[in-house]
Participant: 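Below is a structure I'd like to ask you about.
Heavy atoms only: backbone and side chains are in, while hydrogens, waters and symmetry mates are out. As the structure lists them, so they are numbered: ligands from 1, and atoms in each ligand from 1.
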Amino acid sequence: AEDKKDWFVADRFGMFIHWGLYALGARHEWLKNREEIAPEDYEKYFEHFDPDLYDAREWARRAKQAGMKYAVLTSKHHEGFCLWDSQVTEYKATNTPIGRDLLAEYVEAFRAEGLKIGFYYSLIDWHHPDFTIDVHHPQRNHPGVEQLNSGRDMTRYAAYMRDQVRELLTNYGKIDIIWFDFSYPKREYRGLPGKGHKDWESDKLLALVRELQPGIMVNNRLDLLEEEGYLPDMTTPEQYTPRVAPTIKGQEVTWEACHTFSGSWGYHRDEDTWKDPDQLIKLLVDSVSLGGNLLMNVGPTGRGTFDERANQALEAYGEWMRLHG
Ligand code: JFZ
């Protein structure tokens with residue numbers, strides 16, 4: 001029988017794209033956290049976000065020539081900034097100088113090249129006023145952190161996420177993957193709240209996804225518990241490739257490793273850790289030979305282009321794929 005995973009397992013190779021305001025900082029997508037940047041200082045990236053060279057069709061062509069068959073773009077990363085014209089926030093690309101729904105352009109262009117469409121959506125949000133300040137939040141060391149946290153209400157934030165996911169899975173046609181993301185301590189830590197599936201209301205979020213897009217692939221980062229019988233559509237080892245096929249309760253599972261060209265996911269201009277073509281091709285072969293997928297990340301620049309080093313890496317994949325793919 002045909003399974004909704006068939007295309008995913010057959011396609012094997014996708015492009016991850018981490019793009020947001022952090023591209024302007026050009027030094028890691030976690031810069032707001034790492035440097036504990038105050039909201040008013042981070043605001044400059046919003047005010048100057050103007051990716052004048054963004055051409056989604058060129059991204060799609062480059063992905064396709066590399067042999068990639070699907071893509072996953074950050075609709076919203078931890079910073080909270082939305083690439084689409086969300087009706088439930090002002091913190092979105094349409095309110096920046098570029099003034100366009102950048103996600104819509106991505107969907108159209110990648111679909112036109114015949115690639116499947118995925119959205120990454122962060123459960124973490126360092127901008128939303130109801131998202132409680134925890135140990136990874138940029139304001140964790142604010143002297144008035146307790147006061148800042150009083151009145152914040154994660155149930156309102158969870159409802160906001162459902163509103164956004166409803167937009168994402170209603171307004172852009174058939175979506176093939178939704179890639180949720182969180183990586184937080186679950187329990188209270190240093191007096192700051194922990195976070196887990198109860199805070200995200202992951203069960204409701206998943207039910208909504210299933211209702212809106214019955215055929216979609218959902219990854220495993222909702223903190224839903226495999227011990228309690230939850231089986232994700234795929235598991236997602238990150239920045240490492242398993243040496244044996246991963247299992248849950250003894251069963252082999254559908255899986256996708258994700259890797260970066262250098263180290264960070266967002267554009268990082270000065271990183272010296274770019275992998276060479278041999279390393280990149282090995283990552284693909286290692287995943288595929290163990291029955292897994294590879295989601296290879298590109299972090300476009302603040303002007304909306306792929307860095308020359310990313311283009312070279314993608315071309316190396318393309319050359320190899322044309323001979324061996
Ligand atoms: C997360 C993000 O924080 C990061 O910025 C990027 O988007 C990446 C793809 O995902 O980072 C994680 C998520 C999960 C784990 C580690 C880092 N994990 O499960 O070990």
Side-chain angles (χ1 to χ4, degrees), residues 13-37 42 45 68 70-83 103 106 118-128 131 134-138 140 161 168 177-187 189 194-197 199-200 202 217-227 230 232-243 246 248 253-268 271 273 275 283 287 292-300 310:
F13 190 25
M15 176 180 277
F16 214 172
I17 310 174
H18 276 69
W19 199 36
L21 301 180
Y22 45 80
L24 293 182
R27 54 182 192 276
H28 205 281
E29 77 283 358
W30 275 59
L31 85 164
K32 192 179 185 190
N33 156 291
R34 290 178 164 191
E35 299 170 24
E36 300 182 35
I37 301 175
Y42 205 73
Y45 298 129
M68 293 161 162
Y70 65 99
V72 178
L73 170 64
T74 50
S75 61
K76 178 192 91 165
H77 202 259
H78 306 342
E79 65 181 0
F81 176 71
C82 299
L83 292 181
L103 191 80
Y106 151 78
F119 294 152
Y120 166 110
Y121 182 83
S122 172
L123 306 180
I124 296 162
D125 194 316
W126 297 327
H127 181 268
H128 195 281
F131 186 88
D134 49 45
V135 284
H136 289 320
H137 194 283
R140 61 193 170 278
M161 290 202 292
L168 290 171
I177 299 174
I178 187 146
W179 218 99
F180 289 111
D181 193 23
F182 97 106
S183 50
Y184 262 42
K186 290 191 196 180
R187 277 177 290 278
Y189 191 66
K195 296 218 170 75
H197 62 96
D199 301 282
W200 325 122
S202 297
M217 294 285 292
V218 188
N219 73 335
N220 65 334
R221 293 192 186 174
L222 281 162
D223 188 41
L224 288 168
L225 302 178
E226 287 155 10
E227 309 89 74
Y230 165 70
D233 297 340
M234 61 164 124
T235 59
T236 56
E238 174 183 310
Q239 300 264 28
Y240 80 96
T241 296
R243 310 312 294 180
I248 296 175
V253 291
T254 306
W255 60 277
E256 174 195 69
C258 51
H259 284 275
T260 56
F261 284 146
S262 49
S264 94
W265 300 85
Y267 181 57
H268 193 320
E271 240 167 6
T273 50
K275 299 173 182 80
L283 287 174
S287 273
N293 285 29
L294 175 64
L295 188 61
M296 193 70 214
N297 182 74
V298 181

Participant: Classify the angle between the aromatic ring planes of F16 and Y120 as parallel (below 30°), tilted (30 to 60°) or perpendicular (above 60°).
Facilitator: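 F16 vs Y120 ring planes: tilted.
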Participant: Rounded to the nearest 0.5 Å, how far apart are NZ of K32 and OH of Y22?
Facilitator: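 It comes to 13.0 Å.
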Participant: If you have a sec, work out which protein heavy atom is nearest atom 10 (O) of ligand 1 and how many Å separate them, to one decimal?
Facilitator: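 Result for atom 10 (O) of ligand 1: D181 OD2, 2.8 Å.
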Participant: Side chains of H259 and T241: any donor to acceptor distance under 3.5 Å?
Facilitator: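 Yes.
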Participant: Indicate yes or no: does an N/O atom of W179 lie under 3.5 Å from an N/O atom of ligand 1?
Facilitator: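 Min N/O separation from ligand 1 is not below 3.5 Å for W179.
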Participant: Can you name the atoms of ligand 1, numbered from 1 with element, that are less than 4.0 Å from a heavy atom of Y120?
Facilitator: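 Checking each atom against Y120, I get 7 (O).
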Participant: What protein heavy atom lies closest to atom 15 (C) of ligand 1? Include the residue and the distance to one decimal.
Facilitator: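 Protein heavy atom with the smallest distance to atom 15 (C) of ligand 1: E238 OE1, 3.7 Å.
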Participant: Heavy-atom distance from atom 20 (O) of ligand 1 to the protein below 4.0 Å?
Facilitator: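 When distances to the protein are checked, atom 20 (O) of ligand 1 has no heavy atom within 4.0 Å.
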Participant: Which residue and atom name correspond to the protein heavy atom nearest atom 14 (C) of ligand 1, and how close is it?
Facilitator: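 Here the closest protein heavy atom is R221 NH1, 3.3 Å.
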Participant: Please check atom 5 (O) of ligand 1 for a protein heavy-atom neighbour under 4.0 Å.
Facilitator: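 Yes.
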Participant: Exactly one of Y42, W126, Y121, W265 should register a ring pair (Phe, Tyr, Trp, His ring centres under 6.0 Å) with H78. Which one does?
Facilitator: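 It is W126; the other options fail the test.
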Participant: Looking only at N/O atoms, are W30 and ligand 1 under 3.5 Å apart anywhere?
Facilitator: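 Looking only at distances, the answer is yes, because the N/O contact criterion of under 3.5 Å is met.
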Participant: Closest heavy-atom contact between Y70 and N293?
Facilitator: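 Closest approach of Y70 to N293: OH-ND2, 3.1 Å.
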Participant: By number and element, which atoms of ligand 1 are closer than 4.0 Å to a non-hydrogen atom of H78?
Facilitator: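 Heavy-atom distances to H78 below 4.0 Å select 2 (C), 3 (O).
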Participant: Side chains of D233 and T254: any donor to acceptor distance under 3.5 Å?
Facilitator: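 No pair is found: no donor N or O on one side chain lies under 3.5 Å from an acceptor on the other.
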Participant: Quick one: closest heavy-atom pair of V298 and F261, and the distance?
Facilitator: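 Heavy atoms of V298 and F261 come nearest at CG2-CE1, 3.7 Å.
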